[in-house]
Structure formats: structure tokens, C-alpha cells
Amino acid sequence: MCGGNMSQTPTASNTRLAERGDLATALGVDTAGEEDVTWTTLAGRVEPRSDSTFASRGATIRDDLGDRLDPDLIERERDRIAAEIGRLPDVREAGVPDEPEGLYTEVAEPGWRPYDHLLEAGFFERLDETLPRFTAEHVETTARELVLTDRLSSALDDAGFDEGEKTALLSAVANDSERLSRWVPSNQIPDDVEFDTSTIPPLHQRAMGGALLWIRGLDRHLWQNEVLVTEEILDDAAWYVKAMLGGLFVSATAAHDLATAERFTDEQLTAALTAGTAVQIVSQEELLHAVFYITDEMRAPSELR
Amino acid sequence: MALRNDRAVQAARDIELVEIDDGYTLVGGPEESITQQHDSDRIPEVDVDQEMLSNSGEDPESWLMYGGNYEQHRVTTADLITPDTVSDLELEYELSVGTGSSMEGTPIVVPGDPPVMYQTNGPNHMKAIDPREGEVLWSYTYAVPIGVELCCDDNNRGAAVWGDKVYMTTLDSGVVALNRYTGEEEWYTSTADHEVGYSATWAPVIHDGTIYTGSAGGEYGVLGFEAAIDAESGEIQWQTDTLPEDEWVGASREHGCGTTWMTPTIDEERGVLYTAVANPGPDFDGTVRPGPNFPTCGTIALDLESGEFQWGFQSSPHDVWDYDAVAPRVLLRDVDVDDGPSEMVVGSDKTGWVYMMDAESGQLHERSQEICQHINMWEMIPHISADERIPFVPGAPGGNDWQPPSYNPETGYVYVVHQNFPQDLYWRYEEYSEGNPYWGGGLDDPASEMPDEWNESITAFAAVDPATGERVWRDWIESEDEFYMWGGSMSTATGLVFNGTQNGNLVAYDGESGDRLWEHEFDVPISASPMSWYDPGEEKQYVAVQVGGSGWLRQGTRGDTLAVFSMGA
């Protein structure tokens, strides 16, 4: 079993300077020469920009879904997700799971209940019907609203994300519009593609369900492939799980807000729903490369030859 | 009777493989299946029982199933042909099978006086042959219905025997049982609807009166399964979907593929079967099927009695490169390791490595050194650029496509065929609009620009030590026509390994050193896997191989030869 080094900050969570520069540029903020580009510094310098489309989409979602959701269930499970995020250092410390179902299966577990609830409520389908696909403009507006949403920022603080990690999540949204554009709402895929579109789940369901499957699948993957696994792979696994849970936490926060008509503006609601999904998408694709696709260059040296 | 008067051969010859938008279909076939008897009385009426099947790998006179034995070692214990004598191996005869189509099969031989060979080739044509004389005793062509969809060719890779019957999978996703003494049809069972894309091309395997067979159609959005069929009645006993519901998001599983399109491996001691699991669907757009897509591109173990899932291992999770695991799994019982498992399932996959898995749990004991090159592997996720193309190795044919490995008990090594050729994968970013197809990407073979790192050898044939994963030796093979090596290998207990190349050479290697000790050249590619048996009546050891181009990419010149070599005592 591999042991973790708790004092080590996962490399994958530290967005590179260039990426932070891209993030600032995407948000229209001049940070030339600055090294410390963070969520907080950006929040103080991003200009608010009114977007009536964002507001109307948020209002529509609130009207359609507000009374279909169980705020108590969502809040309870959201808190449990935050607790699992807080437990991740211990999970990382444990190293390679010692059975094919265990550490990460437990981490994913509180995510499945809001997923099932949102599924039953028709939440994912309604988002596909209401929100646009990921265009560069939609992603930029999302990032702009996100960084100005103090309540979400403080919620992420409470969930255990430090400034660098929060900025990494923001960067995942703002800097990946082209990648995100490959994920198309199921109702926008035409019927005559080469595969049957009727069985493709809604985009936001794919993002959340996929993230949960990846987290749960880590137990089996790491346990089966222990001879290939390195400390760096385990570090990356822990970070991308945290990032996916962060995305899920944002989605759950937005769902809770619309169920309780709390404090998000309609623009912020649209942004939070979009961003939560975006972070889950980007993080699961990064996890794939860093943890599941183990090349010879990445693998632990063989002890048998 | 000459083959030109053989109605079954003529019917097979009349069937035309026609290219369509999404692969191939067949036209011109007979309305009813046809049996043509020649000298069927020559077949000794001795039923094949379980003891014969279980001992097939140990009996030098037998090759009673596709993989030689249940463990799929593809090894003969006949010992006349050795590293010292192989230079005297001579061509006994060449038999024209008369059909001129896909030639990917391995014949089986039932011992007797005379022995009887059952040989199949595309499209669903079978013969009973007296292998001493090279004479056809009966022939049979299955009436493939109109409308089959085939991704790759009209392959059939072999037969299975039990009792008084011989069995073959059919291109319309069925199994047909024939009286093996007469060639007459006994029953037919469909395992799935061919009109939605299911098909079947592999040899089934039979244990304890049950036929085990799989599923194909991974380019057509089917849901993969493994099935058990009563060998006497044809009744389906169980049919297990390969994709567990809780491993997929929503209904994406329904067209998630995960087919099992080669012969499963039987573990008689554990009462389980192991089979490779192919690609997820759709092939190239992973965004509509998020998650690992377990257990696609991997290996699964199922209970023989119930079909219940035991374990699964993936070599390319969430695959978008068509890296389906295909080649038959090889079961090894006594691997000499210090403290790891001694019973292993060996999977040689398109990813370009060989995986040694604990037979009990599926946990990886070790992954081999690379067999083919790895250039730009597993790139292109995320989809960062609309126009970017990356030539990558292994390409979609692998690594190891369906070509069966062999295990040599003399050397303790497993022998594998891996392709080594750059292809281009590109992601097409298109605005969706009604009437325009969305492919999500495409594959070009060959790549538009060959990477500098590529060594210009299209195939590697290699020996792997399963205890350590060491690649003990590797023979790089070039092809002027850029044909892939499309057949698997056969080992002998005397330490030899036979393999046929795309250049038409049947080669006998020294299994220990990789030295080429003997070769015979044909004028067309070999796309099949050789087999061998000893005939006490003739006091000869024979080696048989089918000869002719086949496959889904640049298949090579067709042929219709069954070549039989021999060596006397």
C-alpha cells in the first residue's frame, strides 16, 4: 500500500501562471506582471455586466423547478459532500485502497442521493431545455457571474477549498470553453447522427453521473493496478476527486438555492448551475489522463524485472 | 466429387460481400442452408465426450476446440516436430476450399481412423475433411439472411464439437448445430437480432454439454452479452449483459456495446469463463457515455452455471480509440512467481501491452513491457482543438486485435502479435444541424503524416514472460503493402512457435531465442492461426493453416487454401 504525504499540495490543483493569466484575460482583467491572480483578486476587479438572457434563464429554471426539489435533502447531502471533501486528506493518506470497493466508494456515496433526487425531479432534463450549450460567450459570462457571487465563494471556503483551489475551479470553467463545447445538450444532438440519441442522458446528468462513476471507480482501478500506481497518481486522484466534488457542491448549492429562493440572483443561479457542471466535466477528463491512462512513463517501475 | 459440383461450395461462392455505408453486407446467398455429402461414411461414429474435451490439450492426436484446450494455450503435445527436426517439415498438400472469402479460421481435428477435420471459413461455410488424404467428406453453407451488418468481413474462425454434433456461429448472430457425421442441420438458435447489428464470427466453446458464445456489433450500438446454450437442444440457458446497470449513466448503457467477439476461455477448476470485452459505443464520442464505461475494453469473468458476474478489469477505460480487448484470454495455472498469484489470466490487448491478471480476483500481477511502440497514445481528450490531428500508435487495430496468443509450456512464455502502425484520429467540431451526420470524429489509415519516432515495422511478434512481464524477444515485421499481420500463433511442447505473416510466410520460431528455424512461403497473406495433431495411423505430425487475405483494413489478396504440412516419425 502506498502512503500519502499530507504536507504535499497536489500539483494538479496549482494552476499555472499562464493559465491564471488566461483566466484574467478571459474575464477582461489586466493582471500583467502580477503573480497572485486569485478568485479574490479577480472578484475585486471584474466589472459587473448585465445579461438579461442569463437572468431570464435563471428565472425560468426557478419557476419550473423551485417546488419540485426537496431543500432539506439537498442541504443535508450537500453538507455530507462537504464532509467527504474534508475527509479527502485521510483518503489520500490511506494510499491504494485495499479492496475494489472502499475508500472512494464512500467518498462518492453522498453524491448519489442528490443525483437520484434531481433525476426524479426532472432537474437535468429541464436544464437541457433551458440552458444553452457551452459557447465561448456563455462560458465567459458564467465565469464572470461566478467570480462575483460572494456567497458561492464563501461556501467553497467552508467546504475546504483554499484560494488556489478555488481559482483552479474557476480556471476550469473560464479556460475550457472549446473543450466544454464538445459536451452537447442531448436535445441538441440531431436524430440522424450515427448513434441513437434517444438513450443519451441530459448533459448535466452526464456530467454529474459521470463524475460520481469516476470517483467510485477509483477503488477498483487503483486496487487492480497497484503495481502501476505512483504517489503522483494518488495525489492527482485526490485532487481531481476534490475538484469533481467541488463542482457537485456548486451544483447542489444552486439546486438548494432555487428550492428555497434564497439569495442568488437569477443570473447567479444560471452561472452556478453552468459552472458546477463545467467543473465536473473538466475534472473528470483531467482525472482520466492523470490517473486512469497510465503510460509507461507514468507508471511505477516494475519490481519484477 | 470435384468442388465445382459441390452445391454448398457453389452457394458460398455465390455470396458476395458488398460494402455499404457502415461496413459490409452479404447478397446472393442461398434461401436455405445446403449440405453436400461426398464420402461422409468415412467419418468414424465415435461421439466426442467431456473427457476428450478436457484432455484435448494433453492429447497429441486431438485439437478439439479453437484454442487447443480450455485454457486457450494453442499448444500441441505432438513431439515429432522439434527445433532440431523442423527443417525437414514439408508441405503434404494444399486443399482448395473453393470459396475465396475470409480465411481467419483454425480447424479442429477429432482423433480416429481416419481423424476428421472440421474447417470453417467465410461466409459461414464448413467442411468435414479426411486430413490424411486431403479429401472433403461433406460441406455445408449456412443461408445467411438478407440484411446482416458486418463491420469488417464475412469471417468465421472455427467450429466446436460435442457428442455427434459440430457447431458454428452464424453471421446473423446465431449458432447452428450439424450432425457431424452427415453435415445435416440439427438445430439453429438465434442469440440476438441481426437486423439491429448483432453478428457472430468466432468459434464457440463447449463444456459439460453447454455452448458458450458471445456477441458482436460494437460499431452498431448493440448491447454486448455472453450466452450459454444447451448443446443438445439449442435452448438458451442464460444470457448475461456485459454492462452492469449501475456502472453507466442513465440509458447510455442501452447502446453501450461491450461485445464479446472471440472465443471465451474456460476455467474448469473455478467454474468460470473469461472473455475479452470490446469497445464502448458510440466509438469516438465519449461525452455521451461518461464514466469508465466498465468493463469495456477489458476482461470479465462469469460463472459458468449462472452467468453471474465475477470480476472485470479494463485496459482502456472510457475508450475513444477503438481499443477493444478482443484476443482470447490465456489461462495459466502454475506461473513461477515469488509471492504473487500463480494462476493468471493473460490478456494481450490493443493498448500494446500484455496484462497478467490474478485469475481469482482480476487484480493486475504485472503489465508487460511494451510490445508495439507507443506514440501519442491516449491523447486527444480533452478535445482541445477542432483541427488538430495526431498520428498515434497503436492504432485502432492495436496492439493485439483478435489474433490469439499461444502459450508454450517448454519456455513458459506467451507469444503475441501486435500491430504497430500510425493512424490519424481527428475530432470534428461541427455545428449540429438537421440532416448532417455527426460522427464526433474519424479515423484515417494510414496517418496523413507518419511520426518520426515510428520504426516503419507494421507488426511485432513477441515472447512475453508472464511471471515478470519481460518482453523476452521481439521480431519486427515489415510489409511493403502495409498489410497487417492478421493471424495468431501456435506453440509446440517441443519449444517451437509457429506463426503466419501478412507476407505469406509460415514461420517456425525457436520459442526461447526467437530465431527463425523454418519458413514456407505462400503467394498470399496468412490471416489465420495454425494448429497441429499427430496421426498414429500415418505416424506423422501435421500442421495445418488456412491461407488468404482477410481483415477490416487492407485485408490483402484473397486466397482459399488449406495448407497441411507433415513430418514422419
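Proteins get letters first, then strands, A, B, ... in listed order; numbering begins at 1 in each. Being a predicted model, the structure only gives us computed values, none of them experimental.
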Counting heavy-atom pairs under 4.5 Å with chain B, which one of [options] comes out on top?
{"options": "Met208(A), Gln284(A), Arg220(A)", "answer": "Arg220(A)"}
{"options": "Gly209(A), Ala211(A), Pro201(A)", "answer": "Pro201(A)"}
{"options": "Leu287(A), Ile294(A), Val282(A)", "answer": "Ile294(A)"}
{"options": "Ile200(A), Leu212(A), Asn225(A), Asp296(A)", "answer": "Asp296(A)"}

- [ ] Check each atom of Gln205(A) against the heavy atoms of chain B and say whether the ones under 4.5 Å are side chain, backbone, both or neither.
- [x]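 Both parts, heavy atoms under 4.5 Å.
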Taking side chain as C-beta onward, heavy atoms only, is [X] less than 4.5 Å from [Y]?
{"X": "Asn420(B)", "Y": "Asn455(B)", "result": "yes"}
{"X": "Glu99(A)", "Y": "Asp219(A)", "result": "no"}
{"X": "Glu303(A)", "Y": "Val227(A)", "result": "no"}
{"X": "Leu218(A)", "Y": "Val107(A)", "result": "no"}
{"X": "Leu203(A)", "Y": "Ile281(A)", "result": "yes"}

Open item on the list: If you compare all heavy atoms of Ile233(A) against all heavy atoms of Val291(A), which two are closest, and at what distance to 0.1 Å?
Closed with: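 Of all heavy-atom pairs spanning Ile233(A) and Val291(A), the closest is O-CG2, 3.7 Å.
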- [ ] Grab the two heavy atoms, one from Glu370(B) and one from Trp353(B), that are nearest each other, plus how far apart they are.
- [x]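 What the structure gives for the nearest pair is CA-CD1, 3.7 Å.
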Task: Residues in residues 119-127 of chain A near chain B [non-hydrogen atoms, under 4.5 Å] - done: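 Counting heavy atoms that sit under 4.5 Å from chain B, no residue of residues 119-127 of chain A is involved.
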salt_bridge([X], [Y]) N-O dist < 4.0 Å:
{"X": "Lys350(B)", "Y": "Asp322(B)", "value": "yes"}
{"X": "Asp128(A)", "Y": "Arg133(A)", "value": "no"}
{"X": "Arg182(A)", "Y": "Glu285(A)", "value": "no"}

Chain A heavy atoms under 4.5 Å from [X]: which part of the residue, side chain, backbone, both or neither?
{"X": "Glu247(B)", "answer": "both"}
{"X": "Asn293(B)", "answer": "neither"}
{"X": "Trp248(B)", "answer": "backbone"}

Go through [options] and name the one with the most non-hydrogen pairs under 4.5 angstrom from chain A.
{"options": "Glu470(B), Arg253(B), His255(B)", "result": "His255(B)"}
{"options": "Gly281(B), Gly362(B), Ser361(B), Ala251(B)", "result": "Ala251(B)"}
{"options": "Glu254(B), His374(B), Arg367(B), Gln369(B)", "result": "Arg367(B)"}
{"options": "Gly221(B), Pro282(B), Ser316(B)", "result": "Pro282(B)"}

Task: Check: Phe292(A) ring centroid to Trp214(A) ring centroid under 6.0 Å - done: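 So the answer is yes for these two rings.
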TODO: Check the pair Glu366(B), Ser302(A) against side-chain hydrogen bond (donor to acceptor under 3.5 Å, both in side chains), reporting the backbone distance first and the verdict last.
DONE: CA-CA 8 Å; Glu366(B) 186 49 279; Ser302(A) 173; 2.7 Å; yes
